[in-house]
Amino acid sequence: MADFKDKVVYQIYPKSFQDSNGDGVGDLQGILERLDYLKELGVSYLWLTPVFPSPQKDNGYDVTDYCAIDPRFGIMEDMEKLIQESGKRGMGLMLDMVFNHTSTTHTWFQKALAGEKEYQDYYIFQEGSPQKAPTNWQSKFGGPSWEYVPSLGKWYLHLFDVTQADLNWDNPKVREELKKVVLFWKKKGIRGFRFDVVNLISKPKKFEDDQEGDGRRFYSDGPHVHEYLRELVRDTGIEDMVTVGEMSSTHLEDCIQYSTSNPEEKELSMCFNFHHLKVDYKGGDKWALMEPDRMALKRLFEDWQLGMQRGNGWNALFWCNHDQPRIVSRLGDEGRYWRESAKMLAAAIHLMRGTPYIYQGEEIGMTNPHFRQISQYRDVESLNYYRILLDRGKTKEEALSVLAARSRDNGRTPMQWSPEERGGFTKGTPWIEMADNCRAIHVKGQREDKDSIYSFYKELIRLRKEKPVISEGSIAFLEKENPDVLAYKRQLGEEELVVVNNLTGREVVMSVPVLKAGTGARYEKLLGNYEGCKADEGRMELRPYETVVLEKRGIRADAILPV
Ligand code: GLC
């Protein structure tokens, strides 16, 4: 069994982490320079988003060659050195395997375009008239998901950008090719993998129009996905490595199956799902803003935490990644309670049942960058949707305010290392602008400060290693009907933690029955984001965005039963 329960994974978006050569783009040498920082933070795995040769239409998720390094990030020797140097510091490297699709610049697709039938069968080509796409499915980045190739008289499927052609996993040759990629990196010493949108790999046998939606119900957790994953894992012998699948619009029962620990049915170590990050999508539409629905957030955590516990599955715990706006801007407070809310959000997620992921900059409370002009954006999805929003009748200002809240570029601005110009990220011009507050929020200002967000993350990582109740304990939810508070109890034998989080910027009073006199237990504060803790006799007063972690410390004398 891979050990991942008491570990924390740190996600690096190499393009924006550290530039070593002044070209404005982060690189592998840059990551090497920062390994000591990551070691000090205490994380055990480093997940690198794709650094393979790519035209970068989707920032590397459009791969041209799975077994090489894009020159803008470095050379293979840099990657080997990174594997070695991370290993020396007790950290394993995880690579991002984008196996649902390749770039259309990949030689397989180029051969398909040149008319080679064998390679056309690597992708999902359909005959059809140039006037009518095979189905009405929509691409995740907006617009139709099929593209017509006049020279072939065929359409190909692309669930993402038009330059990202979906692979045909029903073709055993494709599955063999992808196994070779996994084996290549395994041999190099990679310790784990993140599989990009891996629950979309199995498409239905027959392609039909979706009368109810954009087509996703036909291919999310598709017909052979579990079988294909089992085969990939078994044939590459990666059962004991750390593997995480990114699951798009997924289902609980499928995630239980994807992450089961049963060796006979082994698929992955754990799953990312995104349901909890849609609670501020009005009517389910990412591009329609609304205040976060806290009750919905609580219910989703309950469903997924309890469901995965019942089925013996394992969650990847996260708020942030390169596709999401910054969480403190989204569910916290960028102003007055910036520090408190960033810490509360960290504790809320890290102490649940699962393996936490930290996305670069989250540990210092980085915020959205507050871009004001369309020229500041780089992301293909954001640029597409800007046009779509204008077409739908929004004004430029309205469309820009939607992007400022929802664009993936919110999470992609360069890491803020120091108060200097360009945040210590680069000596050149960064490929995307820094956030407007980069002189105030940076690693340098927080590393030595015991009260910083950084120190709080460090403490959470340390506690997970130290306390099996965090990594192994069961979870039960408290205060279920209160939309203002996310509270839960973790338990492992005699060990017990009560975690209480005020999700609001107001003072909130809640009852905590376990703290009542006469219940026999005594609790002590283990961690929090304010001085002290206002609790007495079954009642707690929570300050704005307060988080309190209480630890059970044995039995009170007055509660010991007479023999
Ligand atoms: C995943 C990646 C995202 C990418 C998409 C297509 O969702 O995280 O960045 O655009 O897959 O590969």
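Atoms within each ligand, like the ligands themselves, are counted from 1 in listed order. Please read all numbers here as calculations on a predicted model, not as lab measurements.
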Specify whether [X] and [Y] have parallel, tilted or perpendicular ring planes, treating 30° as the upper limit for parallel and 60° as the lower limit for perpendicular.
X	Y	answer
Phe272	Phe318	perpendicular
Tyr13	Trp431	tilted
Tyr66	His106	tilted

When you check the gap from the basic side-chain N to the acidic O, do Lys180 and Glu177 get nearer than 4.0 Å? yes
So, Lys278 and Asp293, do they make that salt bridge, N to O below 4.0 Å?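 No salt bridge links Lys278 with Asp293.
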Give the protein residues with at least one non-hydrogen atom closer than 4.0 Å to an atom of ligand 1, ordered by chain and number.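 For ligand 1, the contacting residues are Asp58, Tyr61, His101, Phe141, Phe160, Gln164, Arg194, Asp196, Val197, Glu246, His322, Asp323, Arg408, Arg412.
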With sequence neighbours left out, what residues match Arg422 under side-chain hydrogen bond (donor to acceptor under 3.5 Å, both in side chains)?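 Partners of Arg422 under the side-chain hydrogen bond (donor to acceptor under 3.5 Å, both in side chains) test: none.
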